[in-house]
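All of these numbers come straight from a predicted model, not from anything done at the bench. Residue numbers start from 1 in every chain, and the chains themselves are labelled A, B, ... in the order their sequence lines are given, proteins ahead of strands.
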Amino acid sequence: MTDSASAGLPTAYDPDAVEQRIYADWESSGLFHAEPDDPGEPFAIVLPPPNVTGALHIGHALYNTEDAMVRHARMTGRNAVWVPGMDHAGISTQTVVEKQLAAEGLTRHDLGREAFVDRVWEWVDEYGGQILNQLRRLGFSLDWEREAFTFDEPRSRAVTEVFVTLHEQGLLYRGNRLINWCPQCMTALSDIEVDHAETTGTLTTFVYPWADGSDGGIEVATTRPETMLGDTAIAVHPDDERFAGAIGRTVAHPFLDRELPVVADDYVDPEFGSGAVKITPAHDPNDHEIGRRHDLDSITVITPTASMAETAGPFAGMDRFEAREAVVAALDEAGLLVDRRDYLHQVGTCSRTGDVVEPLLSDQWFLQVRPLADKALDAVAAGDTRVLPPRLEKFFVDWLENLHDWCVSRQIWWGHRIPAWYCPDDHVTVARTTPTTCTACRATDLRQDDDVLDTWFSSQLWPFTVFGWEQPGDTTPELETWYPNTVMETGYDINTFWVSRMLQIGLWFLDEVPFTTIWNHGLVRDGQGKKMSKSFGNVIDPLEFIESHGADALRLALFQHCSPGTDVPLSPDWVEGARRFLNKLFNATRFALQTLDGTRPGDVPPATELGLADRWILSRLEATRAEVDTHYETWDFARMSAALYHFTWDELADWYLEAAKVVLYGDDEAAKATTRAVLARVLDDVLRMWHPLIPFVTEELWRHLTGAPGGTTSLMAQDWPTAVTTPDADVEADFAVIMDLVTEVRRFRSLNDVPPSRRFPLVVASRRGDLLTTQAELVMALAGL
RNA sequence: GGGCGCGUAGCUCAGUGGGAGAGCGCUGCCUUCACACGGCAGAGGCCGGAGGUUCGAAACCUCCCGCGCCCACCA
């Protein structure tokens, strides 16, 4: 009873024997590649470019959602493209290479800028492609012919064009403003690169004595006493009667030869502390604003390396935290210290290094975001971009409404050099190509800005630069077909960094939203729902699981918990469970191959020839198909995998295959032919529906089932199943009666255990009156009912 | 401080107005002709708490408790 088609199949599914062979076949078949003039409604996803620094981590495995979207789109006849690429990842990559240098006892300054950048390129060439090859192991159907890099020539030209154009439009400007500075990275950061950690610090209260020597003074409180060295005023609320006589007077700085005026400003909260605030315009954003309103001096007392500047007088040269304690000690000695107490507050830290961020006054480039954000807001309000899950739409609205200008310059070497040049008089010339003369003074000895752009400045252009856009007005067949992209699929954690910026810049330059759907996945967590982290020791290495369980098992385990916006718990147990399911699917197909006797999937026989079990499974198949289709409307993978899992295991394998044995192991040849036709057809549809989720095993089994040779004739190139029947409630109810009866029979170990009142139907059911052991026998026996 | 989300079986979660469910784990039985990576039968839950709406609430409303995330320039 062994069909030749199954002869080669082992009794357990072995992904090692399948996955890499299948992937190589797909890749050489050209099925991953799409052209703009291919038939079908366009469908485009651009891969959120992974950083060149990394090895594959579990977050990248969630790209499987995009693979499923694209595979499903192809099967439903759409002209689908999925574009791969990588991000040069500014600071991240520079840091990695600097660490490598440090191991050799070198810093980037030892090499100099040019040699260092060369060194990073070497590193990128050597390790950068690794991750993309790892993505192949996950089965991703990326259009490799379209691979791009945020720092390659075409993308770099686009960056320059965008920068210069925004400058011409007056939206990109250079300014001396208070920015977030990471003393460890030695660069400015944008607001969103700063984390706010709740920290127990110390609130220090001290007295500024009156400058005229009269008794007392004004009490102020601070969590950063060292900044008092840069104080240039005291502020009180204008309506605060306690200080009515103080406004206009001056206090004396205890350590520096400076007098500080008392000014009135609405910003001050009379309820907080003493009601008076020390003002340090050079080191605090609020104070900076107050300083501007009252025309106060800004005195920088902290340097980029976070030590105290010459302006700090006796404290010059100290580290900032050392100076904090020294200032307190000096205040105490001077009899000015009033109080120190624990104080819970938010401290800004660098999201990369964790170092405490220092607000510093600095010359930087800023993008005026308001006009761009407003345009994006209009688009969101108009529903041009659908957000999944829908609750996150509000997030984008809130975010865009409250945006501050974006500091885009970084004091690092790895990245797109800012296309601005300075003459000896510091006039700025912004240009597409290296200018020869200063636009302001005609000077010829020009020096290019040392800084590079925030890495997100280039990646925000990704949805259109990967399709050939290099400057405003550009159009290409790819852009006409695939812009806007259909879906932007990312983790919700980069909505601020990336997604909202793409939305703004895409609208600004191409006048259309860059994608019509934003689909957010969550974070991959461990089996207990905890965040994965090396220090917890609960990190899952996807490559390890691909080796041990196969890529499909890892993919399925992720899909089973993956709905829009939800976090995805993953443990070795989940992967193992998924692997067992694959084995079930494999063996169900193997059984079919052994009994189909060469029958290939085709049309379902006429209803008059179908048995109850046949009609039941076809009804269930159609119900499942409809449910899966529904879940594709929002790409709810958890629900669609649950529906398919339940159908495949609990209905197809546990009931229909058992019922089919009655016929297939019997001797009614006409009935056998009918059952074979139904079985082949149901399996074919099941494999198709599973394919976007678990592409390898389904491809392999489908080739055995259909005899397809692979190459361009493979499952991934087939059509998505359509209805073969309609769900029939009567049929399902009839079959449910049988299932209930069988279950009841099985519950009794022997007929003597059966209550007399139930004995008659059970005896009829069993035909033997004694214990029945296999489901096949039971279903067979009941078939006569 | 503002916003969002979540508390259902030991664990992870589905269910959102009328039978309390799934996977894993657990208990028992079974090598039976696709699969022991399997089959079958089970145990296990005042659905976070308190009020309210309703003929009826795990679900809808209010408050409370607990957990998580995002945003935020009160020293």
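We find the OH-CD distance between A:Y632 and A:E627 to be 13.0 Å, quoted to the nearest 0.5 Å.
When the P atom of B:G19 is taken as reference, atom CG of A:D740 falls 17 Å away, rounded to whole Å. Rounded to whole Å, the distance from NZ on A:K530 to P on B:C69 is 13 Å. Rounded to whole angstrom, the span from the CG atom of A:D650 across to the P atom of B:G21 amounts to 15 Å. Distance, A:H646 NE2 to B:A22 P: 10 Å, rounded to whole Å. Atom CZ of A:F591 is separated from atom P of B:C33 by 12 Å (rounded to the nearest Å). Across the protein-nucleic acid pair, A:E401 atom CD and B:C71 atom C1' stand 13 Å apart, rounded to whole Å. Between A:L392 atom CG and B:C69 atom C1' there is a gap of 11 Å when expressed in whole angstrom units. Rounded to a whole Å, the CH2 atom of A:W399 is 6 Å from the P atom of B:C71.
Nucleotides B:C30 and B:G45 are separated by 28 Å at their P atoms, to the nearest Å. As rounded to the nearest Å, B:C11 and B:G19 have P atoms that lie 27 Å from one another. Across B:A20 and B:G25, the matching P atoms stand 27 Å from one another, rounded to whole Å. If you take atom C1' in B:C24 and the same atom in B:A57, they sit 30 Å apart, rounded to whole Å. Rounded to the nearest Å, the gap between the P atom of B:A75 and that of B:G66 is 24 Å. Comparing the P positions of B:C13 and B:G68 gives an interatomic distance of 14 Å, to the nearest angstrom. When the C1' atom is compared between B:C6 and B:C47, the two are found 14 Å apart, to the nearest whole Å. The separation of B:G49 from B:G7, taken at their P atoms, amounts to 13 Å, rounded to a whole angstrom.
For A:Y492, no side-chain nitrogen or oxygen approaches OP1 or OP2 of B:G5 to under 4.0 Å.
A residue-by-residue look at A:H404 and A:A588 shows that A:A588 has its nearest nucleotide of RNA chain B further toward the 5' end. The nearest heavy atom of RNA chain B to A:I192 and to A:D573 marks one nucleotide each, and the one closer to the 5' end goes with A:D573.
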Please tabulate the protein-to-nucleotide N/O contacts below 3.5 Å involving nucleotides 11-14 of chain B, giving atom names and distances.
residue: B:U12; atom: OP1; partner: A:Q528; partner atom: O; Å: 3.2
residue: B:A14; atom: O3'; partner: A:R639; partner atom: NH2; Å: 3.2

Check nucleotides 35-38 of chain B for protein N or O atoms closer than 3.5 Å to its own N or O atoms and list the pairs.
residue: B:C35; atom: O4'; partner: A:N587; partner atom: OD1; Å: 3.1
residue: B:C35; atom: O4'; partner: A:N587; partner atom: ND2; Å: 3.4
residue: B:C35; atom: O2'; partner: A:N583; partner atom: ND2; Å: 3.3
residue: B:C35; atom: O2; partner: A:K584; partner atom: NZ; Å: 3.0
residue: B:C35; atom: N3; partner: A:K584; partner atom: NZ; Å: 2.7
residue: B:C37; atom: O2'; partner: A:N583; partner atom: ND2; Å: 3.0
residue: B:C37; atom: O2; partner: A:R579; partner atom: NH1; Å: 3.1
residue: B:C37; atom: O2; partner: A:R579; partner atom: NH2; Å: 3.4
residue: B:C37; atom: O2; partner: A:N583; partner atom: ND2; Å: 3.4
residue: B:C37; atom: N3; partner: A:R579; partner atom: NH1; Å: 3.3
residue: B:G38; atom: O3'; partner: A:K584; partner atom: NZ; Å: 3.0

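Both distances falling under 3.5 Å, in either a Watson-Crick or a G-U wobble arrangement, place B:C26 opposite B:G42. Across all strands shown, B:A14 has no partner, as no Watson-Crick or G-U wobble contact with both distances under 3.5 Å is found. Across all strands shown, B:C6 forms a Watson-Crick or G-U wobble pair, both distances under 3.5 Å, with B:G66. In this structure, B:U53 forms no base pair with any nucleotide, since neither Watson-Crick nor G-U wobble geometry is met with both distances under 3.5 Å. Under the Watson-Crick or G-U wobble criterion, with both distances below 3.5 Å, B:U32 has no partner in any strand shown.
Figure legend: cation-pi geometry between A:R620 and A:W655 absent, as NZ or CZ is not positioned both under 6.0 Å from the six-membered ring centre and within 45° of its axis. With A:Y13 as the aromatic partner, A:K584 does not meet the cation-pi criteria of under 6.0 angstrom to the ring centre and within 45 degrees of the ring axis.
Listed for the A:D195 side chain is no donor-acceptor partner under 3.5 Å among the backbone atoms of A:A197. A:T202 contributes no side-chain N or O that, together with a main-chain N or O of A:T204, makes up a donor-acceptor pair within less than 3.5 Å.
If you check every strand for non-hydrogen atoms under 4.0 Å, A:Q346 touches a base.
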>> Could you walk me through whether A:F243 and A:H237 satisfy the side-chain contact (heavy atoms from CB on, under 4.5 Å) test, starting with their C-alpha distance in whole Å, then the side-chain angles of each, then the deciding distance to 0.1 Å, before giving a yes or no?
In response: CA-CA 8 Å; A:F243 300 103; A:H237 196 275; over 6 Å; no
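A:W399 and A:N495 form no side-chain donor-acceptor contact under 3.5 Å, judged by distance and modelled atom types alone. In the model, A:E358 has no side-chain atom that pairs as donor or acceptor with a side-chain atom of A:H283 under 3.5 Å.
The aromatic ring centroids of A:F647 and A:Y645 lie 6.0 Å or more from each other. The aromatic ring centroids of A:F545 and A:W574 lie 6.0 Å or more from each other.
The aromatic rings of A:W649 and A:F581 sit tilted, their planes meeting at an angle between 30° and 60°.
Taking every side-chain heavy atom of A:R391 into account, B:G5 is the closest of B:G3, B:G5, B:C70.
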